[in-house]
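Here is the structure we will look at.
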Amino acid sequence: MATDINKAQFIKDFKDQLYEDFMVKNSDATAEEQFVALAKVIKNYVRPDWFRQKNGIVADKKKTAYYFSIEFLPGKMLQTNLLNLGIYRMVEAALAENGVALNDLVAAERDMALGNGGLGRLAACFMDSLATIGAPGFGNGIRYKYGLFKQKIVNGYQVELPDAWLSSEGNVWETKKPHSAVDVKIYGNVYLEPHDGGVLKPVYENVKTLHAVPYDMPQIGFQNGVVNNLRLWDVEIPEKYELDYPTLADRRRVEDITSVLYPDDSSREGQSLRLIQEYFMVSAGLQTIVKSYAKMGLPMTAIQEKVAVHINDTHPAMAVPELMRILMDDYGVKWSDAWTSTIAVMSYTNHTVLSEALEKWDAALFKEIVPRIHQIVGEIDRQFVAKWASKVDACVVDNTRIIRNGQIHMANLAIIGGHSVNGVAKLHTELLIEDVLKDFYTIFPEKFNNKTNGIVPRRWSQIANPKLSNLIDDLIGKGWRRDIHELKKLENLTSDTAVLAQLDLVKTANKQRLADYAKKMLGIELPVNAIFDVQVKRLHAYKRQLLNVMHIIKLYQDLKANSELELTPRVFIFGAKAAPGYHFAKSVIKIINELAALVNNDAEIGDKLKVVFLENYNVSLAELIIPAADVSEQISTAGKEASGTSNMKFMMNGALTLATLDGANIEIKDAVGEDNIIIFGMDKNAVYDHYQKHDYNARAIYDNNPEIKRVVDAFVDGTIPNIHYEGHEIWDALVSYNDEYFLLEDFDDYVKKQAELATLYANDKQTWQQKALINIANSERFSSDDTIELYAKEIWEIN
Ligand code: 26Q
C-alpha cells in the first residue's frame, strides 16, 4: 500500500517522474510540472488497488452499484488523494526538504468542474464516500472538454468564458482505455423483423455510429486500500464508420457531443445535443456493465443480483429503456423477464420540486434521435396504462404515464422503471409524496424513501480548514479525522472559555485568509472584526439572493439617515453563477455589484458595511470562503430548496445558520437545537396556504409597509446607480408580478433576526462561539459516508 512509502523512496519516484515527463531537475521545474509529476506518482501508487477493484467485479462476482450522473464536480483532487492515501504529511515534508511548497502544487491543479452545483458536487462526495466505506460503487458520466463556464464580472455584469480545464497534459488523474470502447447508435430508422421462433429483432437503417471511449479516474477511499473507479466517456469517430462523417463539419458535430456541460437552465429545454449526451453516456455505460456481467457466466435474467444502476436526477433516465434494449436485442431476453430485471436494477433520486425543472422531451425529437428507445418507451407506457387503467382513477394514470401531450416525462420513466425513488431531505421527500409525485405514491408507495444528503467530511474540514482541524486535534485528539462522529465530544467543551477564545482566533485567521484574497482580487480591504455574512450558491429566484440584497439596502438607508446609528460592522459576501439564459438572475448579479460599488465607496459608511461579489464561485473558492463565514445564509422560500449541502459545510466550519425551514435546514435545526440556529420566515405550510387560497398580495404589503416600500423603491429611484433597466425588472417582479417567492412577506422577520444576531455578535462573542462550537460538534450528522451507507444497504443492496 502507498502508506508504506517512505520519504526517500517518494522523493526518488517524484524526481524520476519529473525526469521522465519533462526532462527537468526538480530545482528547474515549474509548479505545473511538479504537480503533474506528483499526480502521476500518486497514480502509480494506487494502480494495484485500483486494478484489483476493477477486475474484482467479474472475478469475485461482487454486486456493484453504478452511479449514473451527467455531472461530477470534484474540484481539485491532489489534497484529497494525498489525505486518503495517508501520505499527506510525509509528502508535504519530503517536498519541503527539497525546496517545494506543496501549496504551490495544489494551486497549480485546475478545478475539475464537470457540474453545475449541488447535484454534481453530491455525486463527487458520493464517489469518495463509496470508496471510503469500502463499497464497490463506480461512477459513470461524461468527460466534457469544457466544464461549467468561467465567470468574469465586467462592468458589474456576468460574462461567461469557456472553462478549458484540460491542460496540454489532459487530466493527469485519468487513464484512457481505448480497449474498453463501445459503439453507440443514434438517428436512423428502426423496424422489427421476425426471427427464428417468432422473436422480433430490430433492423436499423441509416444510423450514425459513435465511438464511446472511456477515461477512468481512481476514487481513493480514506486510508483503507480501496480504490473505486469513475468512468467518464468521450466520443470519437469510429474508423470503421469514417465514411459516415466525410466533412469537417460532420466531424465537428460529433466532437460537440462531449464538448460542453449544459448550464442548469431549466427554462431552455429541448436541445437535441443534450438528449444525445444523455443517451451517449447511458448507452456506453450500460453496454459495458452488461458485458462485464455476462463474463460472470450467470443467467442474464439474474443481472439484478450483481448490478445496481442509480439514476442521478432524470438526466440518465434513458437507462431504463436502454437496459431493456440491451437485454432483449443483444442478449435475447424476453420482455417480461427484462422488465422484472430492469425494475430491480434501477433506482432514482429526485433533486427538485420545481415543476418547470422536471425534464420533458418532445416525443418527435426523441423518436428522431433514439428511435429504438422511443419504441421501447412507447411500449412501457402502453403496458403501464393497460395495467393501471382498471385499478386507479383515470386522472392518476394520466398524471403518471410517460407519454402525454406529445411529451416524454423523464421522471415518470425513472419512477416506473425502477424500484426506488428518493428525495434528498426529509421535507423534500414529504413534498414529493404529498404533492409533486402524489399520484405515483398512490400506485407505488413502497418505492418512496428519503436519503438526506451529506458532505464528505474530510474535504470540508481537514482540507478546507487546517487551522480548525489542528485546534480540534488539541481538544479531542485526532480520532475525529477517521471517525467524524467523534466531533460530538466537542459539546463537552462549550463552557470552556479558553476553548471559545481559541475558536474565535481560528475564525479570525480564516477571515484574514479570505480578506487577503479579496484584497488581491478586488483591491478592497475587509475588516476581519466585522461579521462575515455569506451567501454562496447558484443564482436562482427561489434561493432569494434578492432578500439578502434588500436587507443590505435597508442597512444602507438606515446609516444614511442616521450616521450615528450603532451597527455591528458587517461584510456581505456573495458568490453565484447565473445560467447564461436566466435573465432575472443576471440582473440580480448586476445589482449586487452596483450596490457593492455604492456602499464600499461611501465614506460615510466606512467600515460598517462592505459588500463583495467574488467572481467564479467554484469548489476551490468554496474551500476558501466557507471556513471564513460567521453567518451562513440559507434563505430559500420554504419548500423550494430540495436539501442544500453548503448549509452542512458551513455548520461544519462553525458558521451560524440563518435559515428558513427548508430542505436540510430543518434537520440542521434538529441537530443543533433551536437556540443554535436562527430561523425566520414562513414555513412550508404557510407557503402552501397562500397557494391554496390565492391570497398573497405583494402590492398590499408594498403599499402598507413604508420600510419595505423604501427598500423596494431603491431599485428604481436612483439610490443605486447604473441599474436603470435591471432595477425596474426587479421592482416589477416584486410588485407588479406579485413576488412569486414571498420576499416581501418574509422581509420583516428576516430583518429582525438579522438585527438580533448582530447584537449577539457585538455584545457576547462568547455565546456566539459557543453556538459555533455546537454547530461544529453536530455537523457529524451530515457525513456523506453515512448517507451512502444507507443507499448501499437500503437501495442497492451492496455491501
Ligand atoms: C436542466 C435543463 C437543461 C440542462 C441542464 C439542466 C439542469 C442541470 C443541473 C438542471 C438542474 C441541475 C442541477 C440541479 C441541482 O443541483 N439541484 C440541487 O441538488 C442538490 C443535491 O441534491 C440539492 O442539495 C439542492 O437543493 C438542489 O437544488
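For ligands, and for the atoms within them, numbers begin at 1 and follow the listed sequence. Worth saying up front: this structure is predicted, and the values here are computed from it rather than measured.
Between Tyr66 and His310, the gap from one ring centroid to the other reaches at least 6.0 Å. Between Phe448 and Tyr441, the gap from one ring centroid to the other is short of 6.0 Å. Annotation: Phe280 is not in aromatic contact with Trp233 [ring centroid separation under 6.0 Å not met]. Proximity of the aromatic rings of Tyr67 and Phe126 is defined here by a centroid distance below 6.0 angstrom, and this criterion is met.
Contacts between Asn453 and ligand 1, counted as non-hydrogen atom pairs separated by less than 4.0 Å, involve the side chain only. Contact annotation: for Arg121 versus ligand 1, there are no heavy atoms closer than 4.0 Å.
Every atom of ligand 1 with a heavy atom of Asn116 under 4.0 Å away is listed here by number and element: 8 (C), 9 (C). Residue contact check: Tyr542 has heavy atoms under 4.0 Å from atoms 28 (O) of ligand 1. If you number the atoms of ligand 1 from 1 as listed, the ones under 4.0 Å from a heavy atom of Glu71 come out as 8 (C), 9 (C). For ligand 1, the atoms sitting less than 4.0 Å from at least one non-hydrogen atom of Ala642 are 26 (O), numbered in the order shown with element in parentheses.
When only modelled atom types and interatomic distance are considered, Glu359 and Thr314 share a side-chain donor-acceptor pair under 3.5 Å.
Tested against His551 for a ring pair (Phe, Tyr, Trp, His ring centres under 6.0 Å), the candidates Phe680, Phe572, Phe747 yield a single pass: Phe572.
Heavy atoms of Val424 approach ligand 1 to within less than 4.0 angstrom. Under the 4.0 angstrom criterion for non-hydrogen atoms, Glu359 is not in contact with ligand 1. At least one heavy atom of Gly644 lies less than 4.0 angstrom from ligand 1.
When atom types are taken as modelled, the side chain of Ser129 and the backbone of Asp785 share a donor-acceptor pair closer than 3.5 angstrom.
A salt bridge is absent between Glu667 and Arg781: the closest approach of a Lys/Arg side-chain nitrogen to an acidic carboxylate oxygen does not fall below 4.0 angstrom. A salt bridge links Glu434 and Lys684; the closest N-O separation between the charged side-chain nitrogens and carboxylate oxygens is under 4.0 Å.
Between Pro263 and ligand 1, no pair of N/O atoms sits closer than 3.5 Å. Considering backbone and side-chain atoms together, Glu641 places an N or O closer than 3.5 Å to an N or O of ligand 1. Ligand 1 has no nitrogen or oxygen under 3.5 angstrom from a nitrogen or oxygen of Lys543. Close N/O approach between Asp264 and ligand 1 is not found [any backbone or side-chain N/O within under 3.5 Å]. For ligand 1, the polar-atom distance check finds an N/O of Leu119 within less than 3.5 Å of one of the ligand's N/O atoms.
Atom 22 (O) of ligand 1 has its nearest heavy-atom neighbour, among Lys537, His351, Lys640, His428, in His351.
Across every non-hydrogen atom of Leu261 and Leu148, the tightest pair is CD2-N, 3.6 Å.
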